Amino acid sequence: MTKVLLADDQDLVRAGLEMIVEARDDLTVVGSAADGLAAVELAGRTRPDVILMDVRMPGVDGIEATRRLVRAGNPARIIMLTTFDLDEHVFAALRAGASGFLLKDTRPAALVEAIRLVARGEALLAPTVTRRLLDRFADRLPGPAEPPRELSGLTPREVEVLILVAEALSNAEIAQRLYVSQATVKTHLSAILTKLGLRDRVQAVVYAYQVGLVRPPPAP
C-alpha cells in the first residue's frame with residue numbers, strides 16, 4: 001500500500017485528490033494539509049511514500065516545504081502540483097528536491113500512474129527535460145570552488161556514468177557508450193544515488209550541474 005499525503009490550500013482540490021487516491025486499492029491517503037508548514041509537520045508524523053504538494057500556498061509554499069522535508073531527511077517522494085506550467089516553478093521544484101511536476105488539470109489516471117511511478121523511486125520528469133531547464137537557468141547554479149567531498153566516494157566509472165546521465169543519455173545509450181551491459185549501468189546508477197544521497201535520476205542530473213560536472217553548452 002502506497003501512503004499519500006495531500007498538501008493544497010483549496011479544500012475542494014484536496015477533497016478531489018482524496019477521492020481519486022482512495023478509489024485505488026494500492027493507494028491510501030494518510031494526511032491532508034492546507035499549507036506547507038502543516039505538510040512538513042504531517043509528513044514527519046505519517047511518513048508518507050508520496051506527497052502531492054501544491055506550489056502556491058500561504059505562508060510556507062510548496063517549494064520551501066519540499067526543501068525543508070529534503071533537508072530533514074524525510075524519504076517521501078514529492079510531486080509538485082500547479083495550475084501554471086512555468087519553467088521557473090519546475091526549476092525551483094527540482095532544485096528543492098521534487099521528483100516530479102504535474103498540472104492540476106492532469107487526468108485522474110495519469111495522476112495515479114505518476115504516484116505509482118515516483119513511489120517506485122523513478123523520476124516523473126525525463127532527464128532531457130531536466131537538462132533543458134538547467135541549461136536555461138545555469139547562471140543560478142554556480143559550481144563550487146572545489147569538488148564536494150562526497151564525490152571522492154565515487155569510483156572513476158561511477159563519475160563517468162553520472163556525467164552521462166546528466167547529459168540525458170538513457171541506460172541503453174550509456175551502456176553502448178561504455179561498452180557494458182544495461183544491468184551494469186543500473187548497478188552503477190544505484191550506487192551513485194546511494195553514495196550521494198540522491199532520490200532519483202533527475203536529482204542526479206541536478207547534482208551534476210550544481211557541482212560543475214556538467215555545464216551548459218556555450219551560447220551560439
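Residues: numbered from 1 along the sequence shown. All values derive from a computational prediction rather than experimental measurement. Values below: every heavy atom of this structure, side chains too, minus hydrogens, waters and symmetry copies.
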Would you indicate whether the side-chain heavy atoms of Leu193 and Arg199 approach each other to under 4.5 Å? no
Which atom pair, heavy atoms only, marks the closest approach of Thr2 to Ala119? CG2-CB, 3.9 Å
Quick one: pull up CD in Glu113 and CZ in Arg24 and give me the separation to the nearest 0.5 Å. 10.5 Å
Rounded distance (nearest 0.5 Å) linking atom OG1 of Thr82 with atom CG of Asp105: 10.5 Å
What distance separates Met57 CE from Leu37 CG, expressed to the nearest 0.5 Å? 10.0 Å
Quick one: does any side-chain atom of Glu158 pair with a main-chain N or O of Leu189 as donor and acceptor, under 3.5 Å? no
I need the minimum non-hydrogen distance between Ala92 and Ile63, along with the two atoms involved. CB-CD1, 3.6 Å
Nearest-0.5 Å distance that lies between atom CG in Leu81 and atom CZ in Arg56: 14.0 Å
With the threshold set at 4.0 Å, does a side-chain nitrogen-carboxylate oxygen contact exist between Lys104 and Asp8? yes
Side chain to side chain donor-acceptor pair (under 3.5 Å) partners for Arg120, two or more places apart: Glu122
Given the options Leu154, Leu178, Val180, Val161 meets side chain to side chain contact (heavy atoms under 4.5 Å, CB included) only with Leu178
Under 3.5 Å, is there a donor-acceptor pair between the side chain of Arg47 and the main chain of Arg45? no
With a 4.5 Å limit on heavy-atom distance, are the side chains of Ile78 and Leu69 in contact? yes
Closest contact, heavy atoms only, Gly62 versus Met53: CA-CG, 3.6 Å
Without swapping roles, check the side chain of Lys195 against the backbone of Gly153 for a donor-acceptor pair under 3.5 Å. yes
Ion pair present between Asp26 and Arg116, side-chain N to carboxylate O less than 4.0 angstrom? yes
So which atom in Val40 and which in Ala65 form the shortest heavy-atom distance, rounded to 0.1 Å? CG2-O, 3.7 Å
Val202 reachable from Ile174 in the ILVMFWY side-chain graph, under 4.5 Å edges: yes
Would you check if Val4 and Thr28 make a side-chain contact, meaning some heavy-atom pair closer than 4.5 Å? no
Strictly below 4.0 Å, N to O, side chains only: are Glu18 and Arg14 in salt-bridge contact? no
In terms of heavy-atom contacts, Gly97 and Thr66 come closest through C-CG2, 4.0 Å
Using 0.5 Å steps for rounding, measure from the CD1 atom of Ile163 to the CG atom of Leu213. 5.0 Å
Could you walk me through whether Val29 and Leu6 pass the side chain to side chain contact (heavy atoms under 4.5 Å, CB included) check? CA-CA 7 Å; Val29 173; Leu6 310 176; 4.1 Å; yes
Could you pull out the closest heavy-atom pair between Met80 and Ala98, with the gap in Å? CG-CB, 3.6 Å
Does some side-chain heavy atom of Val50 sit less than 4.5 Å from a side-chain heavy atom of Leu5? no
Assess the residue pair Val60 and Asp35 against the criterion (side chain to side chain contact (heavy atoms under 4.5 Å, CB included)); give the C-alpha distance rounded to whole Å, side-chain angles, the decisive distance to 0.1 Å, and a yes or no. CA-CA 7 Å; Val60 176; Asp35 59 67; 5.8 Å; no
Would you say the side chains of Asp200 and Ser99 form a donor-acceptor pair under 3.5 Å? yes
Does some side-chain heavy atom of Glu150 sit less than 4.5 Å from a side-chain heavy atom of Tyr207? yes
For the CD atom on Gln176, are there more than 12 heavy atoms of other groups (residues, nucleotides or ligands in this structure) within a distance under 6.0 Å? no
Audit row: Leu162, Leu196, side chain to side chain contact (heavy atoms under 4.5 Å, CB included) steps and yes/no: CA-CA 11 Å; Leu162 176 58; Leu196 298 180; 4.1 Å; yes
Lys/Arg N to Asp/Glu carboxylate O, Glu64 vs Arg68, below 4.0 Å: yes
Do Lys3 and Thr46 have side chains that get closer than 4.5 Å, going by heavy atoms? no
Given Asn171, which of His188, Arg201, Lys186 fulfils the side-chain hydrogen bond (donor to acceptor under 3.5 Å, both in side chains) condition? Arg201
Would you please say whether a donor-acceptor pair under 3.5 Å links the side chains of Thr184 and Ser181? yes
Measuring from atom CD1 of Ile20 to atom CG of Leu27, what distance do you get when rounded to the nearest 0.5 angstrom? 11.0 Å
State plainly whether one hydrophobic cluster holds both Val70 and Val118, where clusters connect Ile, Leu, Val, Met, Phe, Trp and Tyr through side-chain heavy atoms under 4.5 angstrom apart. no
Residue set satisfying side chain to side chain donor-acceptor pair (under 3.5 Å) with Thr106, at least two apart, ordered chain then number -> none
Any non-hydrogen side-chain atom of Ile79 less than 4.5 Å from a side-chain atom of Ile51? no
Is the closest side-chain heavy-atom distance between Val13 and Asp54 below 4.5 Å? no
If we ignore hydrogens and angles and just use 3.5 Å, is the side chain of Ser152 paired with the main-chain N or O of Arg149 as donor and acceptor? yes
